[in-house]
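Note sheet for the following structure.
Just the heavy atoms: all of them, side chains too, but no hydrogens, waters or symmetry mates, feed the values below. Chain A is the first sequence line, chain B the second, and so forth, proteins listed ahead of strands; every chain is numbered from 1.
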Amino acid sequence: MPVARPELSDSRVIAHVDMDCFYVQDSSSLKVRSDVRRQVSRFKGMKRNDPILANWSYCESVVEQRKQQSLRGQPTAVVQYNSWQGGGLIAVSYEARKFGVKRSMRGDEAKQVCPEIHLVQVPVARGKADLNTYRNAGSEVVSILSRRGRCERASIDEVYLDLTIAAEAMLADNPPECLETISEEVVKSHVLGLEEVGSDARENVRHWFTRSDASRRDKLLACGAFIVAELRLQVLEETEFTCSAGIAHNKMLAKLASGMNKPAQQTVVPFSSISKLLRTLPIKKMKQLGGKLGTSLQIDLGVNTVGDLLQFSEEKLQEYYGVNTG
DNA sequence: CATGGGGGACCA
DNA sequence: TGGTCCCC
């Protein structure tokens, strides 16, 4: 059985970056570059619920919106194969979601729920839907994220980032508690386990990031969150795409966190919040357990949360599912 | 036919 | 290598 060296593996700083409704985002390219600059500078100082965000990023249909700026802020969906009932939706902007439009609806169905929806076609090559434009747009993002650490592409619109080295370097010569100013994007971070304390969320977050009595691993995560906030702004400036991110000590938690606050937000999972988070987490939410294995855990072992799963030893699970799966 | 289809991980 | 599972 492989045993990880705790001091090396337990305090890694891992980010999972997930593009917001990505396919939609590429269709509405801004016509004028200065428009981007203006929008970005507004974005930097913006409150989380600023209405302009609704026109900017709340859309998986964003690749398409970059190409066609007029689609920004419009209910938009990306469709593949329109010959049968209007084709299948593979991405739906947040504006369209408000009307009840859902992925895996047919185009015709979406039109009924939301008559003003803009449907954009996925390019076709050799009679098949061709996602290369979105894959290439994803590469633009990866090239930016790679500046601060090693990237692992998990899908067309998802990237894992190992920021351990960069976070350690920052902690060594520019620790958060010594920064005189903290960017808005960092203060907007969600920190798990901090939500329910006090009334002023942003002040709490600011305090969490700058407190000097933090554990080393908390400080590393804080540095990671700084770096991710910077990267997300660079992605917005250079590609016009928004994304959401999770920052944690491993991939599983980072992935879990990136989906907790969307779009255009980031979530940190401090070590101290992990056990509470997992205790009640439905097992099906965990990557790799969304399918038959997760169902088997529920039905055959009565395991419904990750906390339940902890009652089973590794050996016991291996009896049921084999050495590796167990 | 009616979510399409592809890609990655793991296994025998 | 082909089959199955899982995810996007």
Side-chain angles (χ1 to χ4, degrees), chain A residues 1-2 16-26 59-64 77-94 96-97 100-113 117 119-139 141-142 150-160 241 243-246 250-260 262-263 281-300 303 306 309 314 317-326:
Chain A
M1 181 179 70
H16 179 260
V17 177
D18 195 327
M19 307 307 295
D20 300 323
C21 53
F22 191 40
Y23 299 168
V24 175
Q25 277 204 83
D26 195 34
C59 20
E60 197 146 10
S61 31
V62 186
V63 175
E64 295 300 340
V78 176
V79 148
Q80 63 183 0
Y81 309 128
N82 63 357
S83 50
W84 187 72
Q85 294 185 11
L89 274 55
I90 61 171
V92 180
S93 79
Y94 281 79
R97 292 180 202 188
V101 178
K102 295 216 167 78
R103 202 171 60 222
S104 102
M105 272 183 173
R106 308 258 80 180
D108 295 348
E109 211 177 341
K111 281 276 187 194
Q112 287 176 7
V113 182
I117 195 170
L119 297 179
V120 181
Q121 293 276 346
V122 172
V124 173
R126 303 176 178 189
K128 303 253 185 187
D130 179 9
L131 302 181
N132 275 326
T133 57
Y134 312 119
R135 198 166 285 119
N136 293 338
S139 299
V141 175
V142 171
R150 285 187 60 95
C151 282
E152 175 185 327
R153 267 191 107 156
S155 73
I156 280 186
D157 73 331
E158 286 177 57
V159 179
Y160 291 98
F241 300 141
C243 55
S244 299
N250 64 43
K251 288 165 68 177
M252 181 226 110
L253 290 168
K255 159 92 175 160
L256 203 56
S258 72
M260 287 181 173
K262 279 176 140 282
L281 185 78
I283 204 109
K284 290 281 223 173
K285 299 252 185 201
M286 300 252 306
K287 191 171 162 70
Q288 305 300 322
L289 297 182
K292 293 188 178 184
L293 183 56
T295 303
S296 166
L297 284 168
Q298 292 178 308
I299 292 179
D300 301 330
V303 167
V306 180
L309 190 57
E314 181 169 358
L317 292 171
Q318 288 174 332
E319 281 178 32
Y320 281 97
Y321 297 109
V323 199
N324 292 299
T325 304

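- With rounding to whole Å, A:Arg103 atom CZ is found 13 Å from C:dC7 atom P.
- When each of B:dT3, C:dC8, C:dC6 is scored by its nearest atom to the side-chain atoms of A:Arg106, the top-ranked nucleotide is B:dT3.
- Contact annotation for A:Glu158: backbone-only contact, meaning every heavy-atom pair under 4.0 Å involves sugar-phosphate atoms and none involves a base.
- Between A:Lys292 and C:dC7 there is no side-chain N or O to OP1 or OP2 distance below 4.0 Å.
- At a threshold of 4.0 angstrom between heavy atoms, the contacts of A:Gly290 are confined to the sugar-phosphate backbone, with no base atom among them.
- At the heavy-atom level, A:Lys255 lies under 4.0 Å from the strands shown only through sugar-phosphate atoms.
- Listed candidates were B:dC11, C:dC6, B:dG5. Nearest to the side chain of A:Thr325 is B:dC11.
- Comparing atom distances between the A:Ser104 side chain and each of B:dT3, C:dC7, C:dC6 picks out B:dT3 as nearest.
- Spacing between C:dC8 and B:dA2 at atom P, rounded to whole Å, works out to 24 Å.
- For B:dG6, the paired nucleotide is C:dC7, the pair qualifying as Watson-Crick or G-U wobble because both relevant distances are below 3.5 Å.
- Distance from the side chain of A:Asn324 is smallest for B:dC11 among the nucleotides C:dC6, B:dC11, B:dG4.
- A:His16 pairs with exactly one of A:Glu152, A:Glu158, A:Met252 by the side chain to side chain contact (heavy atoms under 4.5 Å, CB included) rule, that one being A:Glu158.
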